[in-house]
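Only one structure is covered here, and it is reproduced in the block below.
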Amino acid sequence: MTNISHNLAQIHQLIEQAAHKHHRASSDILLLAVSKVQPISALEEAYNAGQRHFGENYVQELEQKATALGNLGIIWHFIGPIQSNKTRIVAEHCHWVHSLDREKVAKRLSDQRPAHLPPLQVCIQVNIDNEETKSGVSTCELPALVSAIEQLPNLKLRGFMAIPSKAAPKAAFQAMQALAQQYQLQTLSMGMSADMEDAIAAGSTIVRIGTALFGPRQAAAQSSQ
Ligand SMILES: *Cc1c(COP(=O)(O)O)cnc(C)c1O
């Protein structure tokens, strides 16, 4: 087994254990492989070990990878900040966007979604700890963005995403769970390599795992964003 396939098997096992411990079905939890900054060969390795959902943070990198791996039937998720002048690439290549936090971007994604593709599945990113430096809407801004997205023909609102502060992730995950219940939405994108179990305990349905799967990232990400 390669490292990546070994890691993948181990993560599936951890998901299994966490689900069992918290009385959930592991089949309700999707493992999203966060492949930002990783070379194409790493994605291929994960793909060959059975991984189908990949998450990218940078538009240019997403475009390169989606084009290079276009024949594999990968399901691409966009999880990084989206500038409004980069929406077309996301609308054309992705199946999911987790990081939606502006009406302007939502409108452009809907307008630019190619007609032959199903609606883009989206999660609103919530800045659940109200951190100044973080993307995402506050819970006060949430109702307006939810109703704006629900009006857009080529977007399908599935749920919410959060990146809680390291200080108290459990409380933040629970607050996210309450929000999903309040809005009657099924998808909760939360939990990364370091806090996956707490996220699963609070009802996460998509865990976004990078480091635990691919190993540490090179420090330098893209500068052209
Ligand atoms: C990089 C990233 C991840 C993965 O983080 P790891 O700690 O490497 O698992 C998850 N979600 C988002 C939004 C990211 O940017």
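Ligands are counted one by one from 1 in listed order, and the atoms in each one are counted from 1 as well.
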Protein contact of [atom] - nearest heavy atom, named by residue and atom, plus distance:
atom: atom 1 (C) of ligand 1; answer: K36 NZ, 1.4 Å
atom: atom 11 (N) of ligand 1; answer: R208 NE, 2.8 Å
atom: atom 5 (O) of ligand 1; answer: M192 CE, 3.8 Å
atom: atom 9 (O) of ligand 1; answer: S193 OG, 2.5 Å

Hey, do the aromatic rings of F54 and Y47 have their centres closer than 6.0 Å?
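Centroid distance F54-Y47: not below 6.0 Å, so no.
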Centroid-centroid under 6.0 Å between H95 and H77 rings
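Not under 6.0 Å, so no.
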In terms of heavy-atom contacts, does NZ of K107 have more than 12 from other residues, nucleotides or ligands at under 6.0 Å?
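Counting other residues, nucleotides and ligands, NZ of K107 stays at 12 neighbours or fewer.
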Is it the side chain, the backbone, both or neither of I163 that has a heavy atom closer than 4.0 Å to ligand 1?
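Side chain only.
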Taking heavy atoms and a distance under 4.0 Å, where does T211 meet ligand 1: side chain, backbone, both or neither?
both
Step by step, would you call E92 with R113 a salt bridge (Lys or Arg N to Asp or Glu O under 4.0 Å)?
CA-CA 6 Å; E92 289 177 351; R113 183 70 171 166; over 6 Å; no
Per-atom contacts of ligand 1 with [X], taking only distances under 4.0 Å to non-hydrogen atoms:
X: I209; result: 9 (O)
X: N57; result: 14 (C), 15 (O)
X: I79; result: 11 (N), 12 (C), 13 (C), 14 (C)

Begin from the C-alpha positions of Q51 and L31 and carry the test side-chain contact (heavy atoms from CB on, under 4.5 Å) through to its verdict.
CA-CA 8 Å; Q51 181 65 29; L31 170 56; 3.8 Å; yes
When you compare ligand 1 with A212, is there at least one nitrogen or oxygen pair between them that comes in under 3.5 angstrom?
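No, no N or O pair falls under 3.5 Å.
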Quick check for you: to the nearest 0.5 Å, what is the distance between N7 atom CG and E45 atom CD?
9.5 Å
Spacing of NE2 belonging to H53 relative to CZ belonging to R208, to within rounding of 0.5 Å
15.0 Å
Does ligand 1 have any atom that is closer than 4.0 Å to a heavy atom of R217?
yes
For the pair S35 and E56, evaluate side chain to side chain donor-acceptor pair (under 3.5 Å) and give the outcome as yes or no after the intermediate values.
CA-CA 6 Å; S35 46; E56 289 286 339; 2.7 Å; yes
